[in-house]
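One structure is given below, encoded as structure tokens.
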Amino acid sequence: MKKAWLIVLFLAFAGIVFAQRTLQVVWFTEAPTEQAIFDRYVKMYEAANPGTKVEVTYVPFQQLTQKLQLMVAGNTPPDVARVVTANIAEFDPVALDLAAYVDSSSFLNQFLPSQIPYIYRKPRIIGAPLDVTANGIFYNKDCFAEAGVKVPTNSLQVWTWEQWREAMDKVRNNSKCRFALSYDFTTHRFSTLLYAAGGRFIDASGKKFAIDSAQGLRTLSFFADLFKDGFIPKGQWLSNDDPSTLFRSGQSAMYMSGNWNLAQFSQIKNFNWGVMPLPRDKIRSTVPGGKFVMGFKGSKNPDEAAKFILWLTSKEINLPFSKDNMVLSARKDAKGMKYGQFDDAIAVFQSDLSVTPSYVGQDWSNPAMARLNTFIRGEIVKVLLGQQSPKQALETIQAEGNKLLR
């Protein structure tokens, strides 16, 4: 009898072992605290799902795309990956379709409209928004106070481009800040101005580039003049100097970047800083991006992958996860969520997101933008170097974009 019981216990134990699933996750990290936070949520998931073991491979952001490309090419895709907008477009053909696991309408309605173009390929759902990013301007409060320049505090007081330029001129000439504005070396950040001017990269059909327009010319000319007139240090776009370093050192009065800087900027001790509403031209707009979680066709555990993705982006998990990471949740029900230290800054980013046209997300969810991103930036640099006019740059970008779309 004792031997029989041992056999039963052995079989039961073996059943538990063989029933356990191992979920393979590729997760990129940017901030030093991200890995520890995600490890904690992984343990929460494992505790709620004792039949599942989550194995996480952490990679630096710069290595993410190559890592996923190699895994997909070798027919060994992960079950789940944390990705950005460009990855969503690139891995669309091999994405796990979440529409098989949810009511599509109800699921999509949980998230901000600006994020839906990235994940919805009617009728397929190729991922879920983890958080939303927004471009914005950080500013040195001490330099602005020293120059006697008051920053807009709400949407009714937003500067026009002309008022913004006038304020920049006052601050650089009447404060300890040597430069008016630092500017990230990306097409994404440049496009903030394009949308504020009422322009866009691709027309509503998604089949034709539309940047060679009066709005495009207004944008590129204004941007080039900021360099020519010394408002932005030329090295940031011509020598790849780090714009964040100049701002964090207190030498630049403003910094065009985005909300992902909030956590690291909390370490700034040499001056007070804040976030101002983005200046408008024809309209107000930011450029929403974000991070997403997606599964892959052909992975070992597609059902468990879908379950994990839905869990991580649910209200109960995603809101505290976003707060822990000091990022903006992409969920509609996150509006008004309190973070504590950065509530004022986050309110500015949320305000800019609330007035951003949906076509901005449509532009950046088009795979052509991921492929042309570096090319567009290179054409802008040629304008800054005086190698071509803004009009010539726009014509070149539009021709290359239409070629790619065809």
Side-chain angles (χ1 to χ4, degrees), residues 64-66 68-69 72-73 83-95 97 99 108 113-127 129 133 135 185-221 223-224 282-283 285-290 292 294 296-297 356-383 387-406:
L64 172 68
T65 300
Q66 184 180 33
L68 293 178
Q69 287 172 339
V72 169
V83 297
V84 294
T85 53
N87 303 126
I88 281 278
E90 178 176 358
F91 295 107
D92 178 352
V94 294
D97 184 8
L108 295 172
S114 64
Q115 301 307 96
I116 303 307
Y118 292 109
I119 63 171
Y120 191 38
R121 305 288 192 270
K122 192 174 182 179
R124 298 165 54 240
I125 300 175
I126 62 173
T133 60
N135 294 349
F185 182 39
T186 72
T187 304
H188 197 268
R189 234 69 74 231
F190 163 79
S191 70
T192 312
L193 300 177
L194 177 65
Y195 296 115
R200 59 183 300 180
F201 283 102
I202 303 171
D203 72 5
S205 72
K207 299 178 181 179
K208 182 180 178 182
F209 259 67
I211 191 172
D212 185 12
S213 62
Q215 295 87 352
L217 185 60
R218 157 81 165 152
T219 301
L220 188 47
S221 299
F223 187 62
K282 286 191 175 180
I283 64 170
S285 180
T286 183
V287 185
F292 304 80
M294 67 184 303
F296 293 81
K297 292 188 294 188
T356 298
S358 61
Y359 59 72
V360 178
Q362 292 168 3
D363 264 7
W364 284 94
S365 65
N366 192 307
M369 288 305 300
R371 297 176 185 176
L372 282 177
N373 201 333
T374 303
F375 177 83
I376 294 170
R377 188 178 67 181
E379 294 303 307
I380 296 171
V381 167
K382 290 179 185 178
V383 174
Q387 296 174 351
Q388 64 181 350
S389 69
K391 177 62 175 174
Q392 289 170 326
L394 297 175
E395 290 173 350
T396 302
I397 294 168
Q398 182 141 314
E400 191 68 19
N402 286 335
K403 186 192 305 180
L404 183 59
L405 289 177
R406 284 196 296 268

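All of these numbers come straight from a predicted model, not from anything done at the bench.
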**OP:** Evaluate the side-chain contact (heavy atoms from CB on, under 4.5 Å) criterion for residues Thr85 and Phe292: first the C-alpha distance (whole Å), next the side-chain angles of each, then the deciding distance (0.1 Å), finally the verdict.
**Re:** CA-CA 8 Å; Thr85 53; Phe292 304 80; 3.6 Å; yes
Can you find a pair of side-chain heavy atoms, one from [X] and one from [Y], that are under 4.5 Å apart?
X: Thr187; Y: Thr374; result: no
X: Leu220; Y: Ile380; result: yes
X: Arg189; Y: Val287; result: no
X: Ser358; Y: Pro117; result: no
X: Arg377; Y: Phe190; result: no
X: Phe209; Y: Leu394; result: no

Subject >> Verdict with reasoning, Glu90 to Arg371, per side-chain contact (heavy atoms from CB on, under 4.5 Å) >> reply: CA-CA 9 Å; Glu90 178 176 358; Arg371 297 176 185 176; over 6 Å; no
**OP:** Scan for side-chain hydrogen bond (donor to acceptor under 3.5 Å, both in side chains) pairs involving residues 192-204, sequence neighbours excluded, and state none if there are none.
**Re:** Asn135-Thr192, Tyr195-Asp363, Tyr195-Trp364, Arg200-Asp363, Asp203-Ser205
Backbone of [Y] reached by a side-chain donor or acceptor of [X] within 3.5 Å:
X: Ser191; Y: Leu194; value: no
X: Thr356; Y: Thr286; value: yes
X: Asn87; Y: Val84; value: yes

When rounded to the nearest 0.5 angstrom, what is the spacing between [atom1] in [X] and [atom2] in [Y]?
X: Ser213; Y: Phe201; atom1: OG; atom2: CZ; answer: 10.5 Å
X: Lys208; Y: Asn402; atom1: NZ; atom2: CG; answer: 7.0 Å
X: His188; Y: Asn373; atom1: NE2; atom2: CG; answer: 8.5 Å
X: Ile376; Y: Thr396; atom1: CD1; atom2: OG1; answer: 11.5 Å
X: Met369; Y: Leu404; atom1: CE; atom2: CG; answer: 10.5 Å
X: Ile125; Y: Met294; atom1: CD1; atom2: CE; answer: 13.0 Å

Could you tell me which non-hydrogen atom of [X] sits nearest to which non-hydrogen atom of [Y], and how far apart they are?
X: Tyr118; Y: Ile88; result: O-CG2, 2.8 Å
X: Ala89; Y: Pro367; result: CB-CA, 3.9 Å
X: Ser221; Y: Leu217; result: OG-O, 2.8 Å
X: Ala196; Y: Ser285; result: N-CB, 4.4 Å
X: Gln398; Y: Ile211; result: OE1-N, 3.1 Å
X: Val360; Y: Pro288; result: CG1-CD, 3.6 Å

Subject >> Audit row: Leu108, Ile119, side-chain contact (heavy atoms from CB on, under 4.5 Å) steps and yes/no >> reply: CA-CA 9 Å; Leu108 295 172; Ile119 63 171; 3.7 Å; yes
**OP:** Using the salt bridge (charged side-chain N to carboxylate O under 4.0 Å, His left out) rule, collect all pairs that involve residues 211-221, keeping only residues at least two apart or in two chains.
**Re:**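 Qualifying pairs: Glu162-Arg218, Asp212-Lys391, Arg218-Asp281.
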Subject >> Results of side-chain contact (heavy atoms from CB on, under 4.5 Å) for Val94 - residues two or more places apart only >> reply: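 Expected list: Val72, Phe91, Phe296.
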Test of understanding: with salt bridge (charged side-chain N to carboxylate O under 4.0 Å, His left out), list the residues that count as partners of [X], not counting sequence neighbours.
X: Arg121; result: Asp92
X: Lys403; result: Glu400
X: Lys382; result: Glu379

Original post:
So Phe185 and Val381, side-chain contact (heavy atoms from CB on, under 4.5 Å) or not? Walk me through it.
Top reply: CA-CA 10 Å; Phe185 182 39; Val381 167; 3.8 Å; yes
